[in-house]
Amino acid sequence: MTQEGWTRKDLIGIEDLSVPEIQLILDTAESFKEVSERPIKKVPTLRGKTVMNLFFEPSTRTRSSFEIAEKRLSADSLNFSSSTSSLSKGESLVDTALNLQAMAPDLIVIRHGHPGVPHMLAERIPAGVINAGDGAHEHPTQALLDAMTILQHKSQLEGLNVSIVGDIEHSRVVRSNIHLLNKMGAEVTLAGPRTMMPVEVEKLGVKAVYTLDEAIKGADVIMILRVQLERQSRMAFPSTREYFNLFGLTRERLKRAKRGVIIMHPGPMNRGVEIASDVADGPYSVILEQVANGVAVRMAVLYLLAGAFQEAA
Amino acid sequence: MKLVVRGGRVVDPSQDLDGFLEILIEDGCIAQVDEKVKGIRGAEIYEAHGMVVCPGLIDMHVHLREPGQEYKETVRTGTLAAAAAGFTSVACMPNTAPVIDNRSVTEHVMKEARVAGFARVFPIGAVSKGQKGEELAEIGEMVSAGVVAISDDGFPVSNAELMRRALLYSQHYDIPLIQHAQDLDLSAGGVMNEGEWSTRLGLPGAPGSAEDVMVARDVLLAEDTGGRYHVAHLSTARSLDMVRRAKAQGLSVTCEVTPHHLLLTDEAVSKSGFSTNTKMNPPLRSESDREALLNGLADGTVDAIASDHAPHHTDEKDVEFSVAPFGVIGLETNLSLCLDRLVRPGIISLSRLVELFTAGPARVLSLPVGTLEPGSPGDLTIFHPNRPVTIRAKRFRSKARNTPFEGWRLRGRPVATILGGTLLNRPKN
């Protein structure tokens, strides 16, 4: 395992990363995958390092994934979630950050509902900061684990047609994926209701279509996004039934897909809203592989950042 | 008390003056403007060689935060900032606590301004009681106390019927209604301009159309009523176009733009790394909007440049972008920014810039200042057209530091401010 080429203190977004940096994370993740397959799933790599997981938004999957990655690397980790943090006592985010920094963590993993918060922390504290999702902005480890999953089924990302379907506007997953896939040479098509498509999205180097059939046609990879019912301040569609009729991925519609297509979903799924159960559990689905790869990618990121931190210190 | 200012280039667009002239101020008023003024025995002489001398500048849109939010700014600190930056007159918005919606609050603000003595303060009264958008405030009472316009700034007048009524009623006092034009349903939740950058950053956007639909509605009501209607901090190409057409039609429709909308776009939110000093309302718009505003300056559609000086405490701004309050300060950056970024590249002439800060706003608000006509108040601004300056918020006289222009290196800066014939502080640094 080489750390050569990794100099960043933080992982805030895919947008800032270079192709070699993305490649390095993916290669490192590949080598960590094997740890999770051992009978004793632990390596001493991050012994003596302290990692804080700050989750200001509910999360099961991402938080568990980071925690497991930290434990398998032998880091000391602790968790703050919004219900137990001082935020409920009216403390500002900056003060919370400075207080946590006073306990000298090596890395901070943060999930926050507001875009820009990981950036804000990273500027102010010496610990490495990993963005575990900031509002609808970025979720870099998700895009990395998605890339890793695609590469288990396709020889390369370059030239692949990837369609991402659903609630584009509220999705941080889509933004990180767009940046990553564009950088790696894939063609990205977005599909979803017009009321969920952010304006001027073409300027991000993607194509926008407004029917599911157009998204399915010719796609090597179909990524279905979770309809974030909890984030809709104004309902962008009249009912989940209508949504399912327009954009729900069913076996029937999948008949028009290219041979060898894979179906992905960042979870948690709304079965019967954006995806039918027989697709989610069907032969093209790689959804659980995504979850498994999440641990490896997060181990890689923790490992690279902890190393970079050490060198900088 | 006599003061002579001589040796400088005198620019007074209200009289089409631009030349090397002398100015005599006597008993607080402009007495003579001539190649050689007479009767200067005993007068204090200010040598303004190499400088530009113009009527005292007016910022027709500031928030002085008093009463009620003195931790952000006070009448004293706000006018001190104005004086340091060459502004002898400011018009302050009524979104204080309590709101300037009656005689006594108006009088309080004016008294604080007199006591401080740094600048003339022209309060703007609320359109509606408590700025609630329901009943008309006592406009006549406020006008007799000194209010020069009405506005629910910060809170758009959403109710079309109230807007119509206010446009009718305000004509009894011949004052303009200043609208913060924003459809609150269209802009709901937005923390920046809706466009490529909100899409990239994942921040909720407020579309330009939120401003446009309001301006469109209001221009129609101004046409129906004949009222004087002024668009505050106009920020979009389409709204500007509607003002342009309304003017051509002969309506009493005017507008102001801010330096930040003229010089920055929504890309700044990304470039600054989510700096909350790029968050204001209306938000920084697209490059094509910005270019349209520049054209509006040049072609005469824009009546005034105003800062929308909106002081906030550092603790309030040092938070997540989405939850930070809207607003930036501008009094102490206005002049240098405009000299360097508008006049130096030739977008507008020096005399047009002076007009946008003097005769323009004076005309919108029917103020007795902004001119060197004999008998007018003896307010002058003396500035150096290209002396370099670097924006440093820590040197501001304002209590607030929330500027998006920190570190900008500019040429052109205020040198001295004369208020009613008295030479005020010369800016240090």
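Below, chain A is the first sequence line, B the second, and so on; all start at residue 1.
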Undergrad: Based on non-hydrogen pairs under 4.5 Å, which of Pro204(B), Ser322(B), Ser198(B) is most in contact with chain A?
TA: Ser322(B)
Undergrad: Tell me whether the rings of His180(B) and His233(B) are parallel (<30°), tilted (30 to 60°) or perpendicular (>60°).
TA: perpendicular
Undergrad: Using the six-membered ring of Tyr71(B), assess whether NZ or CZ of Lys399(B) lies under 6.0 Å from its centre and within 45 degrees of the ring axis.
TA: no
Undergrad: Using a cut-off of under 4.5 Å on heavy-atom pairs, state which of Glu15(A), His119(A), Glu202(A) scores highest against chain B.
TA: His119(A)
Undergrad: Tell me, out of Val94(A), Asp134(A), Ile178(A), who's got the most heavy-atom pairs with chain B below 4.5 Å.
TA: Val94(A)
Undergrad: Quick check on side-chain hydrogen bond (donor to acceptor under 3.5 Å, both in side chains): which of His63(B), Lys72(B), Lys317(B) does His312(B) satisfy it with?
TA: Lys72(B)
Undergrad: Relative to the ring of His137(A), is the ring of Phe274(B) parallel (under 30°), tilted (30 to 60°) or perpendicular (over 60°)?
TA: perpendicular
